[in-house]
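Shown next, in structure tokens, is the structure this report addresses.
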Protein chains: 2
Amino acid sequence: MASNAPSFSPLYRQIKSLIVQALESGEWRPGEAIPSEQELAARFGVSQGTVRKAVDELAAENVLERKQGKGTFVVSHHDPRQFFRFLRLVPDDGSLTQPQSVPLDCWRAKAGQEAARVLQIPVGDPIIILRRVLKFSGKPVVLDEIYLPGEVFEGLTLDTLKEWKGSLYSFFETRFGVRMLRAEERIRAVAADRMAAETLGVKEGTPLLSVERVTYTYNDRPVEWRRGRYLTTQYHYHNELT
Amino acid sequence: MASNAPSFSPLYRQIKSLIVQALESGEWRPGEAIPSEQELAARFGVSQGTVRKAVDELAAENVLERKQGKGTFVVSHHDPRQFFRFLRLVPDDGSLTQPQSVPLDCWRAKAGQEAARVLQIPVGDPIIILRRVLKFSGKPVVLDEIYLPGEVFEGLTLDTLKEWKGSLYSFFETRFGVRMLRAEERIRAVAADRMAAETLGVKEGTPLLSVERVTYTYNDRPVEWRRGRYLTTQYHYHNELT
DNA sequence: CAGTGGTCTAGACCACCTC
DNA sequence: AGGTGGTCTAGACCACTGG
């Protein structure tokens with residue numbers, strides 16, 4: 001069989017890997033500036049243009065952010081602009097209100113077949129299951145059930161979660177050093193079960209958006225699996241196709 | 001009030017505009033190669049690197065496609081790979097079958113408030129309304145209702161549409177010279193009305209994905225408005241968040 | 001082989017931010 | 001003024017395609 005491995009790796013990709021390694025190791029932390037292109041070029045022994053191309057790709061992947069005149073910064077989920085990066089639900093009238101996350105419960109379990117496959121861990125490994133509601137202007141709109149690998153999120157409790165002001169991903173970033181970089185979603189229409197109906201304040205059977213998400217960190221490692229139930233009477237899932 | 005207009009436009013963006021102009025004018029047709037970077041650089045009186053950066057952006061926007069050793073080509077909806085560019089519905093089991101489009105009916109009307117606003121045409125202007133079904137392996141999965149500005153799609157008939165083998169957008173591209181470049185979608189969960197239920201072979205009230213799409217051509221000009229009803233029991237809407 | 005896009009370099013200058 | 005990223009140039013060489 002033919003292999004699809006690239007026959008050749010350009011220098012700027014190798015530099016890119018080195019930068020990612022440094023990010024992964026925590027050498028530069030979220031929100032901070034990384035060294036200037038000149039410094040990186042000297043450090044890696046290449047020209048500035050080559051560093052530039054590596055950084056360009058990482059900026060396109062939302063890992064780094066360039067600010068002219070100031071420097072290049074590590075993207076952080078603390079940045080309010082990152083809030084809607086993974087949440088594509090917006091009000092029909094276009095008003096921009098920051099939703100509030102309300103944790104419901106949180107317990108330990110062992111990974112079953114499906115969770116193990118999705119999170120790429122052995123069956124029976126510890127996982128943490130978390131349920132929460134997202135409220136827009138005080139009204140519940142989203143019910144999330146979140147599965148996390150226990151090893152990565154060691155020590156997560158409902159109480160620490162309740163104290164947190166801000167997004168779940170900013171919480172994960174500071175408390176567990178886990179940076180969510182990209183995600184894949186599978187979306188369907190389903191009927192509300194009793195649980196979802198009660199939580200969202202609608203009748204059982206109401207059509208809801210089912211949004212199943214797998215979120216990845218460095219090296220395409222899955223670190224979160226969640227299933228959301230979105231009430232879409234006054235909100236919609238917005239997507240840009242390019 | 002402060003203006004958000006850019007205070008300065010780099011050379012490569014001006015070159016990009018010139019390339020887009022040439023594409024728009026039909027100087028280079030879909031599927032064809034555009035002149036080499038060297039030739040373009042000579043024609044516009046800039047260095048190859050500047051042309052390169054302009055082409056890079058157009059390639060990132062899926063307007064052009066680079067093929068090493070061969071040249072740079074105008075993306076065409078005839079390319080089978082473009083089929084799923086705007087259709088994010090995939091089977092749960094991952095099998096890749098090309099769906100078949102079955103036109104149902106097609107009639108003329110005058111634009112109402114909403115259609116006029118979305119398509120950015122005056123109220124009362126002629127529009128064409130088109131309904132069709134998408135079948136996967138012979139089974140109806142999507143019901144689309146499509147609104148088109150009559151001026152652009154002058155002369156569209158159900159019969160010519162029925163003869164066409166291929167995607168709707170490849171039809172639009174060859175028959176009307178309209179190239180769909182990007183789209184925005186609003187997704188919700190709704191209950192199947194009688195029409196949708198009958199067409200898709202499900203009970204009234206079955207949860208369906210409602211996908212409302214506005215599609216744009218050059219200069220961000222809207223040229224299509226459609227509302228789809230997706231049956232998502234064995235298929236799901238796939239989305240990548242980056 | 002010649003022609004295409006892809007990479008890499010070195011250097012100059014511009015736009016923006018901060019002190 | 002001095003630093004950052006952003007643009008532009010010119011030239012060399014590499015990888016891939018097709019005759």
Side-chain angles (χ1 to χ4, degrees), chain A residues 2-19 22-23 28-29 31-76 79 81, chain B residues 2-19 22-23 28-29 31-76 79 81:
Chain A
S3 154
N4 282 329
S7 50
F8 145 86
S9 180
L11 190 50
Y12 74 85
R13 283 219 195 273
Q14 304 173 35
I15 303 301
K16 185 181 170 188
S17 296
L18 291 174
I19 295 175
L23 285 166
W28 312 309
R29 311 194 69 79
E32 288 179 4
I34 69 172
S36 74
E37 296 181 351
Q38 290 288 0
E39 287 177 274
L40 290 175
R43 164 167 167 178
F44 298 128
V46 298
S47 81
Q48 192 199 1
T50 301
V51 169
R52 190 162 184 73
K53 187 140 190 186
V55 172
D56 276 345
E57 288 203 352
L58 290 168
E61 294 167 11
N62 291 304
V63 175
L64 297 177
E65 184 185 8
R66 324 190 75 137
K67 297 185 187 175
Q68 183 171 142
K70 299 178 75 172
T72 301
F73 297 77
V74 184
V75 169
S76 165
D79 187 333
R81 289 185 319 230
Chain B
S3 154
N4 282 328
S7 50
F8 144 87
S9 179
L11 190 48
Y12 74 86
R13 282 219 196 272
Q14 304 175 34
I15 302 302
K16 185 182 170 187
S17 295
L18 292 174
I19 295 176
L23 286 166
W28 312 309
R29 310 194 70 78
E32 288 179 3
I34 69 171
S36 74
E37 295 180 352
Q38 290 288 0
E39 287 177 276
L40 290 175
R43 164 166 167 180
F44 297 129
V46 298
S47 81
Q48 193 198 1
T50 301
V51 169
R52 190 161 185 75
K53 187 139 191 189
V55 172
D56 275 345
E57 288 202 350
L58 290 168
E61 293 167 11
N62 293 305
V63 175
L64 297 177
E65 183 185 9
R66 323 190 76 137
K67 297 184 186 176
Q68 183 171 145
K70 299 177 77 171
T72 301
F73 297 78
V74 184
V75 169
S76 165
D79 187 333
R81 289 185 320 232

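Computed from a predicted structure; not experimentally measured. In what follows, chains carry the letters A, B, and so on, assigned in the order in which the sequence lines appear, proteins first and then strands, with residues in each chain numbered from 1.
Shown here for I34(A) and L64(A), the closest heavy-atom pair between the two residues is CD1-CD1, 4.0 Å. In terms of heavy atoms, A22(B) sits closest to R43(B) at CB-NH2, 4.4 Å. Minimum interatomic distance between D79(A) and E65(A) (heavy atoms only, all atoms of both residues): OD2-OE1, 4.4 Å. Taking every heavy atom of both residues into account, F44(A) and I19(A) meet most closely at CE1-CG1, 4.1 Å.
Taking atom CG on D56(B) and atom C1' on dG6(C), their separation rounds to 10 Å, with Å as the unit. Residue Q48(A) contributes atom CD, which lies 10 Å from atom P of dT4(D) at whole-angstrom precision. Going from atom NZ of K16(B) over to atom C1' of dC8(D) covers 18 Å, rounded to whole Å. With rounding to whole Å, Y12(A) atom OH is found 14 Å from dA15(D) atom P. Rounded to whole Å, atom P of dT18(C) lies 12 Å from atom CD of Q68(A). Remark: C1' of dG5(D) and CD of E65(A) are 13 Å apart, rounded to the nearest angstrom. Distance CD (Q38(A)) to P (dG5(D)): 9 Å, rounded to an integer number of Å. One atom, CZ of F73(B), and another, P of dG5(C), lie 9 Å apart when rounded to the nearest Å.
A sub-4.0 Å separation between OP1 or OP2 of dT7(D) and a side-chain N or O of K53(B) is present. Between T50(B) and dT7(D), a side-chain N or O to OP1/OP2 separation shorter than 4.0 Å is absent. Remark: S36(B) is not in phosphate contact with dG3(C), judged by side-chain N or O atoms under 4.0 Å from OP1 or OP2. Between K70(A) and dT18(C) there is a side-chain polar atom (N or O) within less than 4.0 angstrom of OP1 or OP2. Between S47(B) and dC8(D), a side-chain N or O to OP1/OP2 separation shorter than 4.0 Å is absent. OP1 or OP2 of dG6(D) sits under 4.0 Å from a side-chain N or O of R52(A).
No side-chain heavy atom of V74(B) sits under 4.5 Å from any side-chain heavy atom of R29(B).
Within 4.0 Å (heavy atoms only), V46(A) reaches sugar-phosphate atoms of the nucleic acid but no base atom.
If you check dA15(D), dT7(D), dC16(C) against the side chain of P10(B), the one that comes closest is dT7(D).
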